[in-house]
Amino acid sequence: MPELPEVEVVRRGLERWVAGRTVDDVEVLHPRAVRRHGGGAADLVARLRGRTAAVPVRRGKYLWVPLRQSGAASGVAEPDRRSGEEAADDALLVHLGMSGQLLVQPADATDERHLRVRLRFTDGGRELRFVDQRTFGGVAVDELGAGGVPLSVAHIAPDPFDPAFDDAAFARRLRARRTGLKRALLDQTLVSGIGNIYADEALWRARLHYARATEGVTRAEAVRVLDAARAVMTDALAQGGTSFDSLYVNVNGESGYFERSLAVYGREGQECDRCGTPIRRESFMNRSSYLCPACQKRPRHPRW
DNA sequence: CGGAGCTCCTGGGGGC
DNA sequence: TGCCCCCAGGAGCTCC
């Protein structure tokens with residue numbers, strides 16, 4: 001499940017392998033993968049052809065590649081055209097959903113079973129493939145608005161690594177909510193980038209129960225769980241970051257972090273690393289929550 | 001309008 | 001062996 005660290009690994013892979021290249025042709029193999037694009041598949045293709053990829057940007061789990069007009073003389077390379085200096089009007093927006101991957105593959109590599117969109121480049125090098133088994137993810141070309149953020153991403157809050165992220169404002173907004181703590185952490189309009197796995201991990205590190213009522217969470221606790229989220233995602237990125245060093249832009253949730261370093265997620269019945277109490281799995285919001293019942297005390301008045 | 005629940009999707013795995 | 005159901009969950013949408 002790609003959350004912020006996995007998406008950042010993908011962003012870095014795109015920066016290395018795709019930035020500066022010009023799109024030659026695009027193939028949409030599944031309409032659902034482009035459902036977020038207003039004009040449909042044909043329009044998406046038309047808006048991508050001949051455009052040059054700038055340095056990709058990420059906010060939370062969203063990723064976009066600003067698109068520049070390529071040089072007037074077709075086929076002529078544009079040396080030293082530093083990205084970011086020219087404002088782009090639109091961008092290729094990508095969300096990986098549950099199972100999305102971006103792969104950089106040789107043109108003659110066999111198509112993946114769940115290949116949804118293929119981008120070929122004018123340099124004839126490796127192509128970019130969007131592969132997504134469950135099609136919760138998708139790609140679109142979207143207009144860039146204020147601050148260079150795609151219009152359809154404007155409602156998404158900055159993530160905890162964004163210099164613009166305001167810890168005090170986060171605590172204030174969290175405490176103004178009338179809901180459960182984990183539900184709030186998963187709300188991408190409050191703080192972005194955190195999904196089910198890192199929410200559970202952050203709550204465990206902060207020793208807070210997922211059903212704590214947000215209005216009862218102290219400012220210190222709010223910042224504690226936020227810092228815990230930063231820490232666990234930083235660790236994940238440090239470990240997952242090795243996989244994009246190859247030609248394969250590893251993108252799915254398999255940074256390797258899952259198996260190695262998770263304290264609670266997927267560890268039902270195993271001992272808590274801190275106190276030895278068996279980790280418990282509970283059903284919550286129609287999905288799973290993992291926690292240490294000793295370290296993370298259930299509140300007297302839980303809120304879901 | 002905030003909050004909560006529904007829904008989309010597909011393959012793997014368990015039960016019978 | 002085969003079939004059916006459950007499970008994974010991000011986020012837009014709808015309803016109250």
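Treat the numbers as computed from the prediction; the structure is a model and nothing was measured. Just so we're on the same page: letters track the sequence lines, and every chain starts at 1.
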- Pairs flagged by side chain to side chain donor-acceptor pair (under 3.5 Å) wherever residues 31-45 of chain A is involved - sequence neighbours left out: A:Arg32-A:Thr135, A:His37-A:Asp43, A:Asp43-A:Arg47

- Pairs in or reaching into residues 269-278 of chain A: which pass side chain to side chain donor-acceptor pair (under 3.5 Å), with residues at least two apart or in two chains? A:Arg267-A:Gln270

- Message: Counting only heavy atoms not in A:Glu143 (residues, nucleotides, ligands), do more than 12 fall under 6.0 Å from its CD?
- Response: no

Between [atom2] on [N] and [atom1] on [X], what's the gap in Å once rounded to a whole number?
{"X": "A:Asp132", "N": "C:dA8", "atom1": "CG", "atom2": "P", "result": "19 Å"}
{"X": "A:Leu96", "N": "B:dC9", "atom1": "CG", "atom2": "P", "result": "19 Å"}
{"X": "A:His114", "N": "B:dT10", "atom1": "NE2", "atom2": "C1'", "result": "7 Å"}
{"X": "A:Ile197", "N": "C:dA8", "atom1": "CD1", "atom2": "C1'", "result": "10 Å"}
{"X": "A:Met98", "N": "C:dG10", "atom1": "CE", "atom2": "C1'", "result": "7 Å"}
{"X": "A:Arg36", "N": "B:dC9", "atom1": "CZ", "atom2": "C1'", "result": "13 Å"}
{"X": "A:Leu115", "N": "B:dT10", "atom1": "CG", "atom2": "P", "result": "15 Å"}
{"X": "A:Leu190", "N": "B:dG2", "atom1": "CG", "atom2": "C1'", "result": "13 Å"}

- Message: Checking contacts here: which listed nucleotide (C:dC13, B:dC8, C:dA8) is nearest the side-chain heavy atoms of A:Arg281?
- Response: C:dA8

- Which of these nucleotides, B:dT10, C:dG12, C:dG10, is closest to any side-chain atom of A:Glu3? C:dG10

- Query: Does any donor-acceptor pair link the side chain of A:Arg183 with the base of B:dA4 at a separation under 3.5 Å?
  - Reply: no

- For C:dG12, does OP1 or OP2 lie under 4.0 Å from any side-chain N or O of A:Tyr62? yes

- Message: With a cut-off of less than 4.0 Å, is there a side-chain N or O of A:Thr179 near OP1 or OP2 of B:dA4?
- Response: yes

- Task: Taking only heavy atoms on the protein side, list every residue of residues 282-290 of chain A lying under 4.0 Å from any atom of DNA chain C, sorted numerically.
- Result: A:Arg287, A:Ser288

- Annotated structure of DNA chain C as dot-bracket, pair cut-off 3.5 Å, Watson-Crick or G-U only, | for inter-strand, is .|||||||||||||||

- Audit row: A:Asp132, A:Ser99, side chain to side chain donor-acceptor pair (under 3.5 Å) steps and yes/no: CA-CA 5 Å; A:Asp132 189 8; A:Ser99 53; 2.5 Å; yes

- Message: Can you confirm whether A:Leu262 sits close enough to A:Tyr290 that some side-chain heavy atom of one is under 4.5 Å from a side-chain heavy atom of the other?
- Response: no

- Message: Does A:Arg120 form a salt bridge (Lys or Arg N to Asp or Glu O under 4.0 Å) with A:Glu27? I'd like the steps, not just the answer.
- Response: CA-CA 8 Å; A:Arg120 295 191 181 87; A:Glu27 205 177 330; 3.3 Å; yes

- Could you give me the CA-CA distance, side-chain angles and deciding distance for A:Glu112 and A:Gln101, then say whether side chain to side chain donor-acceptor pair (under 3.5 Å) is met? CA-CA 11 Å; A:Glu112 291 73 14; A:Gln101 298 173 278; over 6 Å; no

- Task: List, by chain and then residue number, the residues other than A:Leu144 in its hydrophobic cluster (Ile/Leu/Val/Met/Phe/Trp/Tyr, side-chain heavy atoms under 4.5 Å); write none if there are no others.
- Result: A:Val57, A:Tyr62, A:Trp64, A:Leu93, A:Val149, A:Val153, A:Ile156

Shorter than 3.5 Å, N or O on both sides, protein versus nucleotides 14-16 of chain C: list them out with atom names.
none

